[in-house]
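Here the structure comes first, spelled out in structure tokens, and everything after it is commentary.
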Amino acid sequence: MIYMADTLMELPARTLTDGTDTPKHQQLREILEDYCTHQLKPGDMLPGERVLEETYGVSRITVRRAIGDLVASGKLRRARGKGTFVAHSPLVARVHLASFSDEMSAQNIESTSKILQSAWSPAPEDIRAFFNSPPNQPHTHLRRLRLGDKKPFCIDDGWYNSALAPNLLENDVYKSVYAILEHQYAIAITNAEQIVSAVAATIEEAELLEVDKGTPLLKVVRLSRAHHRPVEWCTSVYRTDRYALRSLITKA
């Protein structure tokens with residue numbers, strides 16, 4: 001038995017054997033993968049390297065190679081200075097028009113939000129041009145931390161066309177803005193352009209998303225319309241261990 005983080009955990013009692021077609025690091029990897037799947041849950045810490053060495057009678061190199069294989073496969077994640085943890089299975093979202101709340105609901109994950117900023121103010125020039133609005137016209141700016149099962153998934157930084165939804169912030173914007181637009185303003189998003197790229201987490205993003213500064217994040221810029229009317233310009237950054245995009249590509 002070993003004690004970690006005030007929680008009693010028991011490693012599987014297994015003996016690694018020599019002279020087989022399966023190298024010891026692979027045997028250990030299989031043991032740890034089963035352990036993570038059936039005894040631990042996402043976010044739990046793996047026992048330290050020394051504990052694994054002593055438990056299974058292997059070298060530090062063998063332990064590190066087994067763990068490295070599981071990190072590479074996405075089963076584990078390393079946090080510098082903290083340890084190695086069971087990774088969360090990422091939410092896989094199809095590239096289609098759906099709100100964050102709808103994507104979460106489709107995979108039985110409870111979605112909530114924390115409002116980081118809400119204001120009615122002039123938009124940056126590129127957003128103003130997309131809305132086709134004069135320089136002094138204010139628009140709705142809403143920045144939210146989006147959570148799934150109370151864990152941070154992404155940061156949404158959205159601008160909404162005030163000519164179409166002038167009092168948007170008077171609604172419950174902790175929930176789906178798309179649902180508010182449709183039900184309160186009869187504005188249903190029908191098409192959007194998405195631009196996807198990779199970025200490194202800033203100090204603020206790292207703190208909000210609970211990752212290390214510089215961690216790779218998935219950045220998605222979405223320009224949404226209701227038919228020909230420009231409605232939303234939203235920039236989102238996602239934790240890549242909790243969110244992935246899936247698309248279907250066909251031959252033209």
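Remember, it's a predicted structure, so these values are computed and weren't measured experimentally.
- Other residues, nucleotides and ligands contribute more than 12 heavy atoms inside 6.0 Å of the CZ atom of R128.
- Annotation for E207: atom CD does not count as buried by contact number, only 12 or fewer foreign heavy atoms lying within 6.0 Å.
- Residue Y35 comes nearest to P47 through the heavy atom pair CE2-CD, 3.9 Å, listed as atom of the first residue, atom of the second, then distance.
- Under the 3.5 Å distance criterion, the side-chain polar atoms of E205 are matched with a main-chain donor or acceptor of T202.
- Contact record, S224 with A192: OG-CB, 3.7 Å, taken as the closest heavy-atom pair.
- For the atom pair R146 CZ and S113 OG, the distance stands at 3.5 Å (nearest 0.5 Å).
- Of the possible donor and acceptor atoms, none in the side chain of N171 sits under 3.5 Å from a partner among the backbone N and O of V173.
- Taking every heavy atom of both residues into account, P166 and W120 meet most closely at O-NE1, 3.6 Å.
- At a threshold of 4.5 Å between non-hydrogen side-chain atoms, the residues Y174 and K114 do not count as touching.
- Between the side chains of H227 and N191, no donor N or O sits under 3.5 Å from an acceptor N or O.
- Side-chain atoms of K75 and T37 include a donor-acceptor pair closer than 3.5 Å.
- Y160 OH to T140 OG1: the interatomic distance, rounded to the nearest 0.5 Å, is 9.5 Å.
- The distance from the CZ atom of R65 to the CD1 atom of I67 is 13.5 Å, given to the nearest 0.5 Å.
- Considering only heavy atoms from C-beta on, R144 comes within 4.5 Å of V177 through its side chain.
- The side-chain hydrogen bond (donor to acceptor under 3.5 Å, both in side chains) check on S133 picks up H139, with sequence neighbours excluded.
- Proximity of R222 to E193: side-chain heavy atoms (C-beta onward) are nowhere separated by under 4.5 Å.
- C154 contributes atom SG, which lies 10.0 Å from atom CG of L218 (distance to the nearest 0.5 angstrom).
- Hydrophobic clustering, with ILVMFWY side chains joined whenever heavy atoms are under 4.5 angstrom apart, keeps I61 apart from L52.
- Within the 4.5 Å cutoff, the side chain of R77 has no heavy atoms near those of the T84 side chain.
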S162 and Q137: CA distance, side-chain angles, deciding distance, side-chain hydrogen bond (donor to acceptor under 3.5 Å, both in side chains) verdict:
CA-CA 8 Å; S162 62; Q137 180 174 334; 3.2 Å; yes
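- No donor-acceptor pair closer than 3.5 Å links the side chain of D157 to the backbone N or O of R143.
- Judged by distance alone, the side chain of T55 and the main-chain N or O of V51 form a donor-acceptor pair under 3.5 Å.
- In this structure, Q117 places its CD atom where more than 12 heavy-atom neighbours from other residues, nucleotides or ligands lie under 6.0 Å away.
- D156 and S236 share a donor-acceptor pair across their side chains, judged by distance under 3.5 Å alone.
- Around CG of N132, the count of heavy atoms belonging to other residues, nucleotides or ligands within 6.0 Å does not exceed 12.
- Using a 4.5 Å heavy-atom cutoff, the side chains of R29 and L32 are not in contact.
- Between Q184 and N167, every side-chain heavy-atom pair lies at or beyond the 4.5 Å cut-off.
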Between D149 and K151, does a salt bridge (charged side-chain N to carboxylate O under 4.0 Å, His left out) hold up when you go through it step by step?
CA-CA 6 Å; D149 288 343; K151 299 180 178 67; over 6 Å; no
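- You'll find the side chain of L46 stays beyond 4.5 Å of the side chain of V86, heavy atoms only.
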What's the verdict on side chain to side chain contact (heavy atoms under 4.5 Å, CB included) for R225 and I189, showing C-alpha distance, side-chain angles and the deciding distance?
CA-CA 6 Å; R225 295 176 174 86; I189 302 298; over 6 Å; no
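- Taking all atoms of both residues into account, the shortest heavy-atom contact from F153 to G148 is CD1-N, 3.4 Å.
- For residues 37-86, there are no ring-ring contact (aromatic ring centres under 6.0 Å, His included) pairs, not counting sequence neighbours.
- Other members of the cluster containing F131 are I127, F130, W159, I195, V221, L223, W233, with ILVMFWY side chains joined at under 4.5 Å, either directly or via other members.
- Looking at R239, its side chain does come within 3.5 Å of a backbone N or O of E210 through a donor-acceptor pair.
- Counting heavy atoms from C-beta on, the side chains of P152 and L145 come closer than 4.5 Å.
- Contact between A165 and L181 at its shortest, heavy atoms only, is CB-CD2, 3.9 Å.
- When the shell of 6.0 Å around CG of L116 is examined, it contains more than 12 heavy atoms from other residues, nucleotides or ligands.
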Under the salt bridge (charged side-chain N to carboxylate O under 4.0 Å, His left out) criterion, do E49 and R64 qualify, and how do the steps go?
CA-CA 7 Å; E49 292 180 353; R64 288 183 175 175; 3.0 Å; yes
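- The OG1 atom of T22 sits 12.5 Å away from the CG atom of L28 when rounded to the nearest 0.5 Å.
- The two residues K219 and T235 come nearest to each other via the heavy atoms CE-CG2, 3.7 Å.
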